[in-house]
Number of protein chains: 6
Amino acid sequence: MSFKDICVAVNDSKASVFVNGKFCKDPKLAKADDFFASGLNVSGNSVPQLGFAVKVVDVNNMPGLNSLGMSIVRADLEPQGLSPLHTHPRATELITILEGTIYAGFLAPDAANIFKSRLFSKILNPGDVFAIPQGLIHFQYNVGHKKATLLASFNSQNAGVVIIPNSIFASDPPILDDVLAKGFQLDKKVIEELRKKFS
Amino acid sequence: MSFKDICVAVNDSKASVFVNGKFCKDPKLAKADDFFASGLNVSGNSVPQLGFAVKVVDVNNMPGLNSLGMSIVRADLEPQGLSPLHTHPRATELITILEGTIYAGFLAPDAANIFKSRLFSKILNPGDVFAIPQGLIHFQYNVGHKKATLLASFNSQNAGVVIIPNSIFASDPPILDDVLAKGFQLDKKVIEELRKKFS
Amino acid sequence: MSFKDICVAVNDSKASVFVNGKFCKDPKLAKADDFFASGLNVSGNSVPQLGFAVKVVDVNNMPGLNSLGMSIVRADLEPQGLSPLHTHPRATELITILEGTIYAGFLAPDAANIFKSRLFSKILNPGDVFAIPQGLIHFQYNVGHKKATLLASFNSQNAGVVIIPNSIFASDPPILDDVLAKGFQLDKKVIEELRKKFS
Amino acid sequence: MSFKDICVAVNDSKASVFVNGKFCKDPKLAKADDFFASGLNVSGNSVPQLGFAVKVVDVNNMPGLNSLGMSIVRADLEPQGLSPLHTHPRATELITILEGTIYAGFLAPDAANIFKSRLFSKILNPGDVFAIPQGLIHFQYNVGHKKATLLASFNSQNAGVVIIPNSIFASDPPILDDVLAKGFQLDKKVIEELRKKFS
Amino acid sequence: MSFKDICVAVNDSKASVFVNGKFCKDPKLAKADDFFASGLNVSGNSVPQLGFAVKVVDVNNMPGLNSLGMSIVRADLEPQGLSPLHTHPRATELITILEGTIYAGFLAPDAANIFKSRLFSKILNPGDVFAIPQGLIHFQYNVGHKKATLLASFNSQNAGVVIIPNSIFASDPPILDDVLAKGFQLDKKVIEELRKKFS
Amino acid sequence: MSFKDICVAVNDSKASVFVNGKFCKDPKLAKADDFFASGLNVSGNSVPQLGFAVKVVDVNNMPGLNSLGMSIVRADLEPQGLSPLHTHPRATELITILEGTIYAGFLAPDAANIFKSRLFSKILNPGDVFAIPQGLIHFQYNVGHKKATLLASFNSQNAGVVIIPNSIFASDPPILDDVLAKGFQLDKKVIEELRKKFS
């Protein structure tokens, strides 16, 4: 929620206190560049293991977004590239395919049985749009034969991202073995291997 | 604000009552297509006078957006094509340039003198992103030599659009001449001509 | 949204950082005067060209309004005086006529054709109340033979005001001629004259 | 929160179901009168015992206020007339004095001792404005020698009103005697008398 | 509303300015203890006159609650112990009985006559849950023969509490006698006695 | 957000349309039982494989919670019983231990590397309180030698629950093998086994 026409964030990385959101610059000092970012025409740095690259424009690099409730991401996926199962705790996501063929889906709890879920998925081609409700687990996977590119917009200046397998198996400190072994119905030895793979 | 994992709108156009937002479908009947739209890979129908075309994906044609707080628009501008001065009463806008060269800007009231304003504008090229705060007047204009295309996302399922010149001069019924002549410091004859041009 | 019983703003005009909203005073130092303002019994300073005067009570001069989501304005209009076409980006407005006869209206986009709008207008007399939805263009005009006075309340501590003709033609820097000429279907020479009139 | 330009309430008093807020009329059928009410130039019906009269404009008699988050009340107080201790559970109140002299105040809990409170009060004259934070107990009392009139605006379409003494002593069914006697440190006989006075 | 995964409050009691809510710690310095509090297994300090004790966990003693919108309270009531008529201006309350037998109720204004109210009350036993809407007057009273204990959760990090009789009769400065005498229909002498009892 | 003092949900399970949230009962028909639920003094039905039982009080079985923004759950864990990794997409959770010894934790993304996370965990004993921010993955595990019981309150009338392993491996239809195998760095055969275990 905004209380001002303009509330450009100041870089508070050296400040000893922080606010929820960001402090604002003196509005007189705001300039067009505060509402501007570039570079979504090229891919971000790839995570080779996943064949997946992201480039983020949010309040951290576009300070004018402070209090405006939006951000945007470009994602590139190599063939068989994967944006693994993840959630955004503070935003709905709306994706638009620019290039390639992507299999995308989200999981909604099954109202009749919370230990099950329903998968809502689509094969998406250029110009297709797909919505992912706030907080639900989702993924994007390149099922085509060439690179795929999408833009994902979010209704938060800082949507957050929780990558499910990595958050769980590469946490610091690690979660107690028993919790993971029992929760995933896997042997503790497998849990230990997963920890190694993700660390 | 969402109270359910899924709240797909029903088509209530024939219903005798409406809600703020939309009614929800029985969640059991929700399907992936409710969260899907296509066609943002091609331009919408052009408004020839302006050299401008839009294609909208919002809660009216993607019912799954109900209660999710997002929508998206593709805009295409011919060279010298214009998305004229307008506002969105219920959303911030975040634009990303896909093709071409666009001069975009918004007007923020001048805190020291409400009868003046500050223009925040940029020349934008592919991959550039620009943010427009909720409710502020803005425009996009193709200053390049070929077609320009952008995606604009909004943090509302139904952002609304108020096109300034047209709303004012093509209203039904018309606004009293005195109000327009005095407000715009134009002769009533000019006001009358403007009404004809915009009707 | 408020998180405290009392969050009186401090005068942060000399601070080097600002917040969205305002910082709060130590609640122990809050006093009744922080929730008090005077002077709405007399007219503000008039803008002679418009025959229009306003006096504002918002978080900037009543610090107790910080986080409370309200403000109020007194407007006085000479006969033929005009509060020109304007919007409030962050608030709905509710006006009550105290004296005189006012023609007031707002423009709502026409759902069937976004290049048109519907005018909702009324002639208002003392004791009449009229509501103007957030972000929609509106005006008030004195159609009587004596001074008219109204109170306008807002559901924001800092509603913002965008005066349409002035914002557009008296912006700093100016908007590119082509954008205005094409958007308003006016000759560039007329645009230039309008800029002079409003500067 | 509004999702539409216009969401005029329908009269649902005979409907078998209700919504939080109100259903909307078909926007095509909305008219200026939906955003209009009259009569705040004259006093409402007086409650003789208190020397106090109110006239309310909220979503129940101005259907256009649906989803807009505002309402307004005119209150008239005879000399020694009292708007007794009350709260509004869903809105902040901003009062403006039109005539007369009013002693107004609100009680804020004392952070150091929740069994105490701080009184924020002012003597108010025409043109004075006073703010009352959401949910806090407050009153207005005519300390002048002639009738006093004020306008009170609220940031809710339906602010609610809880009149403290009457709610407590004229509830149906009555609150257990012990609760009232112990809470107010009064004899049960006094409680019984108070119940009679307020019923 | 939260804009960050973690926004742990810093102790700002010595700061010269305050925010609505609290400043955040550097997220890197957040620790599990910021989201932890202990001691709800034992009763708080009793207010002997009322036979009532509370222990509060809110943003003031659990800094991790900052921006999360929740708090919790343990209340213990001796037989005939009373949590007197009070409201929470910024939160709904949900109580769960752990031990004993409690008579709890809230007052909702009567839509047909604002000078009356409806009492919604229940006798509650262990495992029973009762909801109290934001801002409405309510109480809890031990009608059993042994100590009663309940947990009350709130959807605010700082719900606020206004204890009706005490706020009114132990305010600093006192409310004008006339306001209380007329509002409660009590003799000024009784008002004076009440002030003494509550001070 | 609430617009009424009382907005009790009607059972709309057989209605052909739904709203976001629920329809309200005629307020005149609301009764104390609408704000009441019982049974949190005993355990819910256990999920034997996990040694875990829950009992939920939310808007679906306490209709008075409609629009009030709260719900509550009792959870019981056998020794080594587990509430497996899960998230609540629409609420923060605040847990209070009633009996036993529980190891609880949540995962917050590591700001420096989104492929890692930080675990915030505590061993909790009776009377301890622990907060879990909205949308973050968390768990509770009984590390003691006897049954453990906790109450968990939520700031949503319908918080939602996404149980991570089950949602992922027991979805209908299943997620493409490649997505799971690559995301979890597991052999497809293992994925197949996990699907069988969770179905």
Side-chain angles (χ1 to χ4, degrees), chain C residues 2 4-7 27-28 30-42 55 57 62 64-65 67-72 74 91-94 96-98 105-106 108-112 118-122 124-136 151-156, chain D residues 2 4-7 27-28 30-42 55 57 62 64-65 67-72 74 91-98 105-106 108-109 111-112 118-122 124-136 151-156:
Chain C
S2 187
K4 298 186 172 178
D5 290 307
I6 288 175
C7 173
K28 288 192 213 89
K31 53 188 194 300
D33 280 338
D34 292 325
F35 298 88
F36 170 77
S38 63
L40 289 203
N41 54 327
V42 292
K55 214 169 209 178
V57 174
M62 190 200 264
L65 285 176
S67 83
L68 293 190
M70 295 206 76
S71 52
I72 192 162
R74 173 191 168 121
T92 283
E93 176 175 351
L94 196 55
T96 307
I97 309 305
L98 299 184
F106 66 83
D110 184 331
R118 298 172 61 205
L119 172 66
F120 290 76
S121 69
K122 291 289 289 186
L124 303 171
N125 290 297
D128 289 353
V129 180
F130 194 63
I132 297 150
Q134 181 174 345
L136 298 191
L151 288 180
S153 39
F154 300 90
N155 58 354
S156 166
Chain D
S2 185
K4 299 187 172 176
D5 290 307
I6 289 174
C7 175
K28 290 194 212 87
K31 51 189 196 300
D33 280 339
D34 292 326
F35 298 87
F36 170 77
S38 62
L40 290 203
N41 54 328
V42 292
K55 215 169 208 178
V57 174
M62 190 199 265
L65 285 176
S67 82
L68 294 189
M70 296 204 76
S71 53
I72 193 163
R74 173 191 168 120
T92 283
E93 176 175 351
L94 196 56
I95 64 174
T96 306
I97 309 304
L98 299 184
F106 66 85
R118 298 172 60 205
L119 172 66
F120 290 75
S121 68
K122 291 288 291 183
L124 303 171
N125 290 297
D128 289 353
V129 179
F130 194 64
I132 298 151
Q134 181 173 345
L136 298 191
L151 288 181
S153 38
F154 300 89
N155 59 354
S156 165

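A note on names: the letters A, B, ... follow the listed sequences, proteins ahead of strands, and every chain is numbered from 1.
- There is no contact between D:Arg74 and chain C, counting heavy-atom distances below 4.5 Å.
- Of the listed residues (D:Leu124, D:Thr92, D:Ile97), the greatest number of heavy-atom pairs within a distance under 4.5 Å of chain C belongs to D:Thr92.
- Contact record, D:Asp128 with C:Ser38: OD1-CB, 3.1 Å, taken as the closest heavy-atom pair.
- Heavy atoms of D:Ile95 lying under 4.5 Å from chain C are absent altogether.
- Taking CZ from C:Phe36 and CZ from D:Phe130, the interatomic distance works out to 9.0 Å, rounded to the nearest 0.5 Å.
- With a 4.5 angstrom heavy-atom cutoff, D:Phe154 touches chain C only via backbone atoms.
- In terms of heavy-atom proximity, C:Pro133 sits nearest to D:Phe35 at CG-CE2, 4.1 Å.
- Of the inter-residue distances, the one linking C:Lys122 atom NZ with D:Lys31 atom NZ reads 9.5 Å to the nearest 0.5 angstrom.
- For D:Ile72, the parts lying near chain C are the backbone and the side chain together; criterion is any non-hydrogen pair under 4.5 Å.
- Comparing D:Leu40, D:Val129, D:Leu65, D:Asn41 by how many heavy-atom pairs each has under 4.5 Å with chain C, the most go to D:Val129.
- We find the CD-CG distance between D:Glu93 and C:Leu68 to be 12.0 Å, quoted to the nearest 0.5 Å.
- Atom OG of residue C:Ser153 and atom CG of residue D:Leu94 lie 7.5 Å apart, to the nearest 0.5 angstrom.
- Proximity to chain D (any heavy atom under 4.5 Å) is shown, for C:Ser156, by neither the backbone nor the side chain.
- Put simply, of D:Ser121, D:Gly64, D:Pro109, the one with the most heavy-atom pairs under 4.5 Å next to chain C is D:Pro109.
- Contacts of D:Lys55 with chain C are absent, with no heavy-atom separation under 4.5 Å from either backbone or side chain.
- Annotation: maximal heavy-atom pairing with chain C below 4.5 Å, among D:Lys28, D:Arg118, D:Gln134, occurs at D:Arg118.
- Using a 4.5 Å cut-off between heavy atoms, D:Leu119 makes no contact with chain C at all.
- Distance check, rounded to the nearest 0.5 Å: CG of C:Leu151 to CG of D:Leu151 gives 6.0 Å.
- For a residue to count as touching a neighbouring chain, one of its non-hydrogen atoms must lie under 4.5 Å from one of that chain's; by this rule D:Ala91 does not touch chain C.
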